[in-house]
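Comments concern the structure below.
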Amino acid sequence: MRVMILGGDGFCGWPASLHLSQRGHDVIIVDNLARRASDRELGVESLTPIRPLEERLRAWKAVSGRRIDFHLLDIAHDFEALVEVMREEGPEAIVHAAGQRASPDSIRSTWHRRYTVDNNVNATHTVLCAMAEASPDVHLVHLGSLGVYGYGRFRGLPLPQGYISATLRSGNVEAAAEFLFPPEPVGICHLTEAQGTLLFQFYARSDRLRITDLRQGIVWGVDTDQTRLDERLVNRFDYDGDHATVLNRFLAQAAMGLPLTVHGSGRQTRAFIHLADMVRCIEWALETPPPRGERMRILNQLTETHRVIDLAHRIADATGAAVVARDNPHGGEAADNDLAVANDTLGHLGGQPLRLSERLMEEVIDTVCRWSDRCDHARLADSGSRSLPFPP
């Protein structure tokens, strides 16, 4: 299968590109390298040394014998170029991982809010328009987040796979219906995903596009089997308060002998999935596309859930780290929530999913220790302590 990966230079897109390439798919990366530009803006780098993308691709060719092509392109603002690339490359499927996905970064300033909405919504709409014009049979797999649902709204009710059945009442008339579960985004980036969902719904209906939205838990870990093959292939590892996911940040703080910074009460429950399971989920979704004319498919992706404070204490108990509180950048978020999520996809993958264990935690900690000389301790120690745009 020819697969175009939008955002293939990023934390999720890069290991997905290598995994699919090794599995025999022809992979084309499209990226504008915005994630690297964000590092320069923030004055912080990935803890692991990320080589230029061209060097990464040469290394992959040397290690695997397989070629991954690359097009430098801003899909949010260059529709004609995207259409040209799609016609030239002829993809059978597209993995859309080109959104600005970091919730703290999306609310860092008014400019960042505007950028996140502009980039994410325009990128999604441009891709859908390009598919409708150039490749209407292509299957689009979007990497989304469970954060689009919101947290703690209906205690005891598992979050469905996108759709919910209900009885509607208007006056004295009742009718059974199934419709999209109403979103309650927890951040600007999740708000753009809710907007993207309406775009997916519209284009699946109006242009009969085939669309799968993978709503993922927090992705953690560093490497997959492919990124371990050569140091030049290493995946990025964010540890700062703007881009780091909570579990990776806790493990980095523990490895560097710093307190684990818990944002807010810590009683927020979150879903998690390991990087290696994430790429397997993408592959399964690509190989099982919905037929044309079917409504967009929504699949929840997670392996386990944890309260943030429980996660912190588990890591603290294993490493001897202290736990401290910080203001929550999501001021409107509830102080605590339960979280149950409907999830059937992992059962189709075969084998056991990777769950949080001392061995896997040690792998991440070993990575941090290996590159400890690249760590800006101030950025790691002060995670979450900056001035907030909303009152906590």
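Quantities reported herein were computed from a predicted structural model and do not represent experimental measurements.
D310 has no carboxylate O lying under 4.0 Å from a charged side-chain N of R267, or vice versa, which leaves the two without a salt bridge. With salt bridges taken as basic N to acidic carboxylate O contacts below 4.0 Å, one links R36 and D9. Electrostatic pairing of R205 and E294 does not count as a salt bridge here, judged by no charged N lying under 4.0 Å from a carboxylate O.
Proximity of L356 to L247: side-chain heavy atoms (C-beta onward) are separated by under 4.5 Å at one or more points. Side-chain contact between R270 and V308 is present, with at least one heavy-atom pair separated by less than 4.5 Å. Side-chain atoms of Y239 and L251, non-hydrogen and from C-beta on, never get closer than 4.5 Å to each other. For the pair M4 and V127, the minimum side-chain heavy-atom distance is 4.5 Å or more. Looking at heavy atoms from C-beta onward, R374 lies in side-chain contact with E45 at the 4.5 angstrom threshold. Looking at M278 and L275, their side chains come closer than 4.5 Å, going by heavy atoms from C-beta outward. Annotation: side chain of T245 is not in contact with side chain of V219 (no heavy-atom distance under 4.5 Å). Looking at F70 and I28, their side chains never come closer than 4.5 Å, going by heavy atoms from C-beta outward.
Inspection of the T212 and R297 side chains reveals an N or O donor paired with an N or O acceptor under 3.5 Å.
R232 pairs by the side chain to side chain donor-acceptor pair (under 3.5 Å) definition with D230, not counting sequence neighbours. With sequence neighbours left out, the side chain to side chain donor-acceptor pair (under 3.5 Å) criterion links R169 to E174. Every residue two or more places apart in sequence or in another chain was checked for a side chain to side chain donor-acceptor pair (under 3.5 Å) with E193, and none qualifies. Every residue two or more places apart in sequence or in another chain was checked for a ring pair (Phe, Tyr, Trp, His ring centres under 6.0 Å) with H71, and none qualifies. By the side-chain contact (heavy atoms from CB on, under 4.5 Å) test, D225 is found to be paired with R228, residues two or more places apart in sequence or in another chain being considered.
F250 does not carry R314 over the face of its six-membered ring by the limits of under 6.0 Å from the centre and within 45° of the normal. Because its NZ or CZ atom is not both nearer than 6.0 Å to the ring centre of W14 and within 45° of the ring axis, R236 does not count as a cation-pi partner of that residue. Under a cutoff of 6.0 Å and an axis angle of 45°, R215 and Y149 form a cation-pi pair.
Within 6.0 Å of CD in E84 there are 12 or fewer heavy atoms belonging to other residues, nucleotides or ligands. Counting heavy-atom neighbours within 6.0 Å of D373 CG, excluding the residue itself, gives a total above 12. Atom CZ of R23 is surrounded by 12 or fewer heavy atoms from other residues, nucleotides or ligands within 6.0 Å.
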- Any chance you could lay out the side chain to side chain donor-acceptor pair (under 3.5 Å) test for H19 and E283, step after step, and finish with the verdict? CA-CA 8 Å; H19 176 82; E283 182 181 20; 2.9 Å; yes
- Task: Show your reasoning for whether side chain to side chain donor-acceptor pair (under 3.5 Å) applies to Q216 and S145.
- Result: CA-CA 5 Å; Q216 302 181 135; S145 167; over 6 Å; no
- May I have the step-by-step check of side chain to side chain donor-acceptor pair (under 3.5 Å) for D74 and H77, ending in yes or no? CA-CA 6 Å; D74 181 356; H77 302 106; 3.0 Å; yes
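Within the structure, salt bridge (Lys or Arg N to Asp or Glu O under 4.0 Å) pairs that include any residue of residues 129-145 comprise R87-E133, D137-R292 (at least two apart or interchain).
The one candidate from I29, I282, L286 that meets the side chain to side chain contact (heavy atoms under 4.5 Å, CB included) condition with V3 is L286.
Taking hydrophobic clusters as Ile, Leu, Val, Met, Phe, Trp and Tyr residues chained together by side-chain heavy-atom distances below 4.5 Å, V44 does not share a cluster with V234.
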